[in-house]
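Below is one structure; the comments refer to it alone.
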Amino acid sequence: MGERKRHRDDSVHPHSSENIDLSEEQNVGDGNDIISSLPGNVIHHILSFLSTKDAIRTSILSTKWEYLWTSICDIDLNDDLNDAFPRTGKKEERSFLDFVDRVFLFHDASDIKSLTINSSELVTSSRVNSWISASLRHNIEELNLSLRWKAQPVLPCHLFTCQSLVVLKLSMYWSLKVPSLTHFLNLKTLELSNVTFSDDNSTQHLFSSCPVLQELALVKCGWKNLKTITICIPTLKRLTIEDEAMWTRDFLSCVTKIYAANLIHLRCISSLVVDFRLYDLSSLVDASIGLYDNVSVEDVTPQVLGLLSGVVSVRKLSITSATLEYLTLVENPLDLLPTFYNMTHLELKLEFYRALPLGVLMVLLEKSPKLEFLDFEEGIDSDEDTSTLGRVPSCFASSLKTVRIAYFDGNGVDMWFIMFLLKNATVLERLMLHCCFPRDQQKLRSRLNKLPRGSKSCVIELLPLHS
């Protein structure tokens with residue numbers, strides 16, 4: 001017992017797990033302990049496949065295993081880990097924050113590749129700063145913190161100059177103050193959630209201090225202190241800007257300029273009354289556009305046209321019905337909407353159960369001459385007069401091969417569109433209908449088979465709703 005206690009006390013100090021002798025005690029219970037006889041580096045590799053909780057639990061297997069977990073390089077800590085450490089028998093209640101402290105206390109001198117801490121308990125700056133400082137000493141590459149603060153935090157300045165960091169994800173309700181010496185030399189992924197930017201200059205400095213950044217995500221961030229923001233990152237490949245629908249225009253109003261010649265993926269889901277100005281996005285492959293309708297159509301119609309013009313090079317476009325609704329007051333949408341010469345895949349979403357403006361959709365289809373796949377992800381719902389929708393989009397006769405419609409019920413506008421599609425889509429090969437009422441499929445199939453078809457090779461598939 002004394003030897004075991006002495007072993008525990010000595011381990012508080014940094015040590016190398018390679019020094020642990022694995023040649024003792026080959027037997028565990030009645031069976032042969034084969035794993036313990038493996039080389040240390042092999043055991044560490046095995047531990048890397050376990051969750052942090054299970055890796056720590058191996059400490060109860062034997063004295064040889066007691067501190068093997070202290071060299072794990074990927075640490076994922078969340079509120080349900082309190083019971084991972086073996087109990088001492090004493091009546092003591094440790095919080096999750098105490099648990100995190102102990103993980104850093106016992107970890108050996110080896111590097112920590114990734115660290116994730118997700119806590120619902122209120123934390124102080126001093127405590128978090130000690131965790132960050134410890135991870136930096138272990139040459140951290142990926143740091144992911146999702147925390148709630150007791151008071152406005154101040155993160156350590158050396159975090160913002162860490163050269164080992166490759167991925168930084170911060171989710172915390174706080175006002176971000178960027179130190180003047182910020183420079184993330186090797187940072188490739190930056191994700192900020194629930195962060196309020198303090199001012200234009202500080203925010204601008206943050207983005208310009210990431211010379212090799214490839215992924216940037218700004219999720220549910222507060223822009224109320226900003227008037228103009230410029231994201232000019234030549235290396236950027238993926239950009240996400242996603243905001244809350246209920247935020248007011250005063251809280252979010254801001255001009256956003258984006259320069260990203262190598263951008264491949266763009267996701268812009270926003271309720272901002274914002275002038276998105278996109279420059280030289282010729283490398284863009286797919287874009288997801290969703291603008292919430294908590295402002296009047298007249299306010300932002302020019303901005304919507306500008307945003308769509310900025311993503312004109314995409315091959316795949318996902319767009320919400322609310323976004324298309326901003327174009328309903330345009331007198332000549334066919335003249336103003338850009339032509340998507342590269343787009344082969346169009347995905348339509350009924351945002352907040354808003355009706356789909358079929359007139360604008362027909363114009364968008366006409367402006368997509370190479371469209372091959374049309375996907376109604378949440379079905380078709382519209383209250384427009386279908387007799388006034390104008391001419392058949394040219395892609396129906398030249399390129400449209402696959403159409404998918406979810407939540408299909410065979411009534412109203414659903415059936416009108418199917419009739420319109422089958423009659424005019426002369427190169428259509430596949431029509432996938434995910435039905436709301438599977439019991440009526442036989443009757444529906446019989447009805448569909450009687451409809452006139454412009455394409456003799458078209459196959460109609462009736463599928464379960466969630467397949």
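Only this structure's heavy atoms are used, side chains among them; waters, hydrogens and symmetry mates stay out.
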Requested in this report: Compare all side-chain heavy atoms of D280 with those of L263 and state whether any distance is below 4.5 angstrom.
Outcome: no
Query raised in the report: Are S114 and E142 close enough that a side-chain donor and a side-chain acceptor fall under 3.5 Å?
Result: no
Query raised in the report: Going by distance alone, is a donor N or O of one side chain under 3.5 Å from an acceptor N or O of the other, for S110 and H138?
Result: no
Query raised in the report: Any chance CZ of R453 has more than 12 other-residue heavy atoms, nucleotides or ligands included, within less than 6.0 Å?
Result: yes
Query raised in the report: Counting distance only, does the side-chain N/O of N225 pair as donor-acceptor with the main-chain N or O of F197 below 3.5 Å?
Result: yes
Query - Test side chain to side chain contact (heavy atoms under 4.5 Å, CB included) applied to L278 and V311, step by step - result: CA-CA 8 Å; L278 310 182; V311 300; 3.8 Å; yes
Query - Criterion side chain to side chain donor-acceptor pair (under 3.5 Å) on E347 and S318, from CA distance to verdict - result: CA-CA 4 Å; E347 183 180 88; S318 176; 2.9 Å; yes
Requested in this report: Among L365, L371, L364, find the one that has a side-chain contact (heavy atoms from CB on, under 4.5 Å) with F340.
Outcome: L364
**Report entry** Residues K220, E242; criterion salt bridge (Lys or Arg N to Asp or Glu O under 4.0 Å); working and verdict
**Finding:** CA-CA 6 Å; K220 299 179 183 179; E242 188 169 345; over 6 Å; no
Query raised in the report: Does S209 use its side chain to pair, donor to acceptor, with the backbone of T182 at less than 3.5 Å?
Result: yes
Report task. For the pair T116 and D76, evaluate side chain to side chain donor-acceptor pair (under 3.5 Å) and give the outcome as yes or no after the intermediate values. Result -> CA-CA 5 Å; T116 297; D76 188 350; 4.6 Å; no
Query raised in the report: Sub-3.5 Å donor-acceptor pair from the side chain of N332 to the main-chain atoms of D335, do we have one?
Result: no
**Report entry** Residues D286 and H265: side-chain donor-acceptor under 3.5 angstrom
**Finding:** yes
**Report entry** Intermediate values then yes/no, side chain to side chain contact (heavy atoms under 4.5 Å, CB included), I241 and D243
**Finding:** CA-CA 7 Å; I241 299 176; D243 298 306; 3.9 Å; yes
Query raised in the report: Please walk me through it: do H205 and S180 pass side chain to side chain donor-acceptor pair (under 3.5 Å)?
Result: CA-CA 8 Å; H205 179 53; S180 58; over 6 Å; no
Requested in this report: Verify side chain to side chain contact (heavy atoms under 4.5 Å, CB included) between N118 and L77, making sure each step is shown before the conclusion.
Outcome: CA-CA 6 Å; N118 189 338; L77 307 174; over 6 Å; no
Query raised in the report: Any sub-3.5 Å donor-acceptor pair from T328's side-chain atoms to E325's backbone N or O?
Result: yes
Query raised in the report: Under 3.5 Å, is there a donor-acceptor pair between the side chain of S125 and the main chain of V154?
Result: yes
Requested in this report: Please confirm whether the backbone N or O of S394 pairs with a side-chain atom of E366, one donor and one acceptor, at under 3.5 Å?
Outcome: yes
Report task. Before accepting this row, confirm whether a basic side-chain N of the pair K349/E377 lies closer than 4.0 Å to the acidic partner's carboxylate O. Result -> yes
**Report entry** Expected output: side-chain Q204 to main-chain T230 donor-acceptor under 3.5 Å
**Finding:** yes
Requested in this report: Side-chain contact test, heavy atoms from C-beta onward, threshold under 4.5 Å: evaluate it for L400 versus L421 and give yes or no.
Outcome: yes
**Report entry** Step-by-step side chain to side chain contact (heavy atoms under 4.5 Å, CB included) determination, F184 to V166
**Finding:** CA-CA 9 Å; F184 291 108; V166 177; over 6 Å; no
Query raised in the report: Would you say the side chains of N194 and W174 form a donor-acceptor pair under 3.5 Å?
Result: no
Query raised in the report: Would you call R148 and E121 a salt bridge, taking side-chain N to carboxylate O under 4.0 Å as the test?
Result: no
Query raised in the report: Do E215 and K188 sit within salt-bridge range, that is, some charged N less than 4.0 Å from a carboxylate O?
Result: no
Query raised in the report: Any donor-acceptor pair under 3.5 Å linking the side chain of E378 with the backbone of L350?
Result: yes
**Report entry** Charged N-O contact under 4.0 Å between D98 and R127
**Finding:** yes
Requested in this report: Please determine, by modelled atom types, if T320 and T323 share a side-chain donor-acceptor pair under 3.5 angstrom.
Outcome: yes
Query raised in the report: Would a line drawn from the ring center of F396 to the ring center of F420 be shorter than 6.0 Å?
Result: yes
Report task. Test H434 against R404 for side chain to side chain donor-acceptor pair (under 3.5 Å), laying out the working first. Result -> CA-CA 8 Å; H434 295 261; R404 174 184 175 271; 3.3 Å; yes
Query - Over 12 foreign heavy atoms within 6.0 Å of CD, Q163 - result: no
Query raised in the report: Does the S198 side chain pair with the main chain of L176, one donor and one acceptor, at a distance under 3.5 Å?
Result: yes
Query - Residues S313 and N342: side-chain donor-acceptor under 3.5 angstrom - result: no
Query - Parallel, tilted or perpendicular: rings of F376 and F417 (30°, 60°) - result: perpendicular
Query raised in the report: Under the 3.5 angstrom rule, does the side chain of S446 hit a backbone N or O of Q442 as a donor-acceptor pair?
Result: no
Query raised in the report: Take atom OH in Y173; do more than 12 heavy atoms of anything else shown fall under 6.0 Å from it?
Result: no
Report task. Using the six-membered ring wherever Trp is involved, compare the ring planes of Y279 and Y259 and label them parallel, tilted or perpendicular (cut-offs 30° and 60°). Result -> parallel
